[in-house]
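Counting starts at 1 for both ligands and their atoms, in listed order.
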Amino acid sequence: MPSPALTNRLRPTDSIVILTGAGISKESGLDTFRCAGGIWSQVDLEDVATPQGFARNPDLVHRFYNDRRRGLADPAVQPNAAHRALAELERRWKGDVLLVTQNIDDLHERGGSTAPLHMHGELLKAFCLHCRTVTEVQGDLSVHDHCLTCGRKGGMRPDVVWFGEMPYQMERIQRALEECDLFVSIGTSGHVYPAAGFVAEARSAGAYTVELNLEPSEGASHFHSSIHGPATQVVPAFVQ
Ligand code: BV8
């Protein structure tokens, strides 16, 4: 259960919102975006993570996400102790726990979380621009693929929220931020909105706010408390 430093702040049926970012998957072997050598230092996000980039050069965008899908399929990439600790908290906490992730990997699910909310979409899903049907995708996607639902070609894109697109389930997230008693942010730089604004929203609604991160994020000043260190150490210690 949350560490003693917290249990005296929480009632057993209090509600918790957890936000995770790329840092929670770093020790599983997946790159972050803005750390040294991160994804956005290797490729321009305008080219691969915007609708305009996809319209300009869909092959480049498909290659970018195909490479990340292959990386995620690497047997060496497994959920880590932080993913498993959050799943344990979900199982044992009597109050509501909403896990919101900015990550598009499936490590929370594979670590035992039953219903993470992927606000930026999922790498292993795709949708058809023609009929909007969402499908599972395991291998590569390309502009030559036909939609299995409408049969039309050339419309398949990763089911991932790009810059300038509305993240998923924002109303549900906003409600949870207004109602929660504890907001915990894990492994995110606090750079990308609207996720970066969640801590201020939760705090102004009365929640106690904690940041678990390798280093202070851009939003560090908004948190009541921070615990810095690798997620595989600080998250299990926090959720004990
Ligand atoms: C939108 C695609 C509006 C998926 C991504 C104010 C309000 C609203 C919007 C904006 C705003 N200001 C600017 C905007 C626009 C924009 C934005 O935020 N731009 C940024 C660059 C300033 N936001 C948007 O466009 C969003 N959409 O607002 O729509 C709208 C309204 C109406 C109608 C239509 C639209 C969409 C944002 C989503 C974009 N998609 N990616 C993919 O390819 O993965 S965002 C990208 O950054 C990733 O998806 C990731 O989820 C996200 C956040 O990154 P982090 O997860 O934080 O990763 P990062 O590398 O930055 O940090 C890692 C952290 O981990 C570090 O702090 C590090 O210290 C730590 N760490 C490292 N190792 C460890 C560790 N911690 C613990 N343990 C370790 N071992």
Side-chain angles (χ1 to χ4, degrees), residues 18-54 60-69 71-72 77 79-83 85-86 99-108 116-127 141 157-171 173-174 184-201 210-220 223 226-238:
I18 300 165
L19 172 69
T20 63
I24 200 171
S25 296
K26 174 79 172 171
E27 292 162 90
S28 293
L30 296 182
D31 278 345
T32 59
F33 290 88
R34 297 169 186 85
C35 302
I39 292 174
W40 297 146
S41 69
Q42 302 162 29
V43 63
D44 183 342
L45 68 84
E46 294 293 339
D47 292 336
V48 295
T50 63
Q52 297 79 2
F54 186 68
L60 174 68
V61 175
H62 279 310
R63 277 200 304 276
F64 172 67
Y65 286 99
N66 292 344
D67 288 348
R68 290 175 65 189
R69 217 170 282 117
L72 182 56
V77 175
N80 62 48
H83 297 107
L86 294 185
L99 172 59
V100 180
T101 186
Q102 299 173 89
N103 299 340
I104 61 175
D105 63 56
D106 63 345
L107 296 179
H108 279 302
L117 193 164
H118 285 274
M119 66 178 289
H120 289 167
E122 297 178 66
L123 188 55
L124 301 181
K125 288 187 178 166
F127 72 83
L141 269 184
R157 62 159 276 185
D159 186 18
V160 162
V161 177
W162 287 328
F163 288 94
E165 296 184 325
M166 176 61 90
Y168 287 139
Q169 300 193 56
M170 282 304 296
E171 286 180 15
I173 296 170
Q174 301 294 357
V184 187
S185 176
I186 303 171
T188 180
S189 61
H191 185 75
V192 173
Y193 287 82
F198 290 174
V199 54
E201 291 177 55
V210 186
E211 172 171 76
L212 309 181
N213 204 52
L214 192 62
E215 62 210 346
S217 73
E218 293 179 31
F223 289 91
S226 300
I227 304 170
H228 296 137
T232 56
Q233 293 174 23
V234 297
V235 178
F238 179 77

Side chain to side chain donor-acceptor pair (under 3.5 Å) for Arg69 and Asn66? Distances and angles first, verdict last. CA-CA 5 Å; Arg69 217 170 282 117; Asn66 292 344; 2.7 Å; yes
So among Thr20, Thr101, Leu72, which one has a side-chain contact (heavy atoms from CB on, under 4.5 Å) with Leu107?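 Passing option: Leu72.
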So is Pro230 touching ligand 1 or not, going by heavy atoms under 4.0 Å?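 Flag set, Pro230 near ligand 1.
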Could you measure the distance from the [atom1] atom of [X] to the [atom2] atom of [Y]? Nearest 0.5 Å is fine.
{"X": "Ser217", "Y": "His191", "atom1": "OG", "atom2": "NE2", "result": "12.0 Å"}
{"X": "Phe54", "Y": "Asp47", "atom1": "CZ", "atom2": "CG", "result": "13.5 Å"}
{"X": "His118", "Y": "Gln102", "atom1": "NE2", "atom2": "CD", "result": "12.0 Å"}

Students should be able to answer this: which protein heavy-atom is nearest to [atom], and at what distance?
{"atom": "atom 54 (O) of ligand 1", "value": "Arg34 NH1, 2.9 Å"}
{"atom": "atom 45 (S) of ligand 1", "value": "Phe163 CZ, 3.5 Å"}
{"atom": "atom 67 (O) of ligand 1", "value": "Asn213 ND2, 3.0 Å"}
{"atom": "atom 25 (O) of ligand 1", "value": "Gly164 N, 2.7 Å"}
{"atom": "atom 76 (N) of ligand 1", "value": "Leu214 N, 3.2 Å"}
{"atom": "atom 53 (C) of ligand 1", "value": "Gln102 OE1, 3.4 Å"}
{"atom": "atom 56 (O) of ligand 1", "value": "Ala22 N, 2.8 Å"}
{"atom": "atom 71 (N) of ligand 1", "value": "Gly23 CA, 3.6 Å"}

Taking Thr50's backbone N and O only, do any of them form a donor-acceptor pair with Glu165's side chain (distance below 3.5 Å, no angle check)?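 Absent.
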Can you sort out which atoms of ligand 1 are near [X], meaning under 4.0 Å from one of its heavy atoms?
{"X": "Glu215", "answer": "68 (C), 69 (O)"}
{"X": "Gly187", "answer": "63 (C), 64 (C), 65 (O), 76 (N)"}
{"X": "Glu27", "answer": "78 (N), 79 (C), 80 (N)"}
{"X": "Cys35", "answer": "68 (C), 72 (C)"}
{"X": "Gly21", "answer": "56 (O)"}
{"X": "Ala231", "answer": "77 (C), 78 (N), 79 (C)"}
{"X": "Trp162", "answer": "36 (C), 39 (C)"}

If you measure from [atom] to every heavy atom of [options], which option wins on shortest distance?
{"atom": "atom 49 (O) of ligand 1", "options": "His120, Glu218, Arg68", "result": "His120"}
{"atom": "atom 52 (C) of ligand 1", "options": "Asp105, Val235, Val234, Val192", "result": "Val192"}
{"atom": "atom 24 (C) of ligand 1", "options": "Phe64, Tyr193, Phe33", "result": "Tyr193"}

Taking 4.0 angstrom as the limit, do Arg34 and Glu215 come out as a salt bridge?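 Looking at Glu215 together with Arg34, the answer is no, because their closest N to O distance does not fall below 4.0 Å.
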Minimum heavy-atom separation for [X] to [Y], with atom names?
{"X": "Ala85", "Y": "Val235", "result": "CB-CG1, 4.0 Å"}
{"X": "Val160", "Y": "Tyr65", "result": "CG1-OH, 3.7 Å"}
{"X": "Ala220", "Y": "Pro216", "result": "CB-CB, 4.0 Å"}
{"X": "Asn103", "Y": "Ser25", "result": "ND2-OG, 3.7 Å"}
{"X": "Trp162", "Y": "Val61", "result": "CZ2-CG1, 3.6 Å"}
{"X": "Pro167", "Y": "Pro194", "result": "CG-CD, 3.6 Å"}

Can you find an N or O of [X] that's nearer than 3.5 Å to an N or O of ligand 1?
{"X": "Ala49", "value": "no"}
{"X": "Glu165", "value": "yes"}
{"X": "Lys26", "value": "no"}

Heavy-atom distances under 4.0 Å are what count here, so tell me which part of [X] touches ligand 1: side chain, backbone, both or neither.
{"X": "Val160", "value": "side chain"}
{"X": "Ile104", "value": "side chain"}
{"X": "His191", "value": "both"}

Quick check on atom 15 (C) of ligand 1 - does any protein heavy atom sit closer than 4.0 Å to it?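 No; the ligand atom in question lacks any protein heavy-atom contact below 4.0 Å.
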Should the ring pair Phe33 and Trp40 be called parallel, tilted or perpendicular, given that the plane angle runs from 0 to 90° and is split at 30 and 60?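 Aromatic pair Phe33/Trp40 classed tilted.
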Does a side chain donor of either Asn80 or Thr232 reach within less than 3.5 Å of an acceptor in the other side chain?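 Absent: no donor and acceptor within the cut-off.
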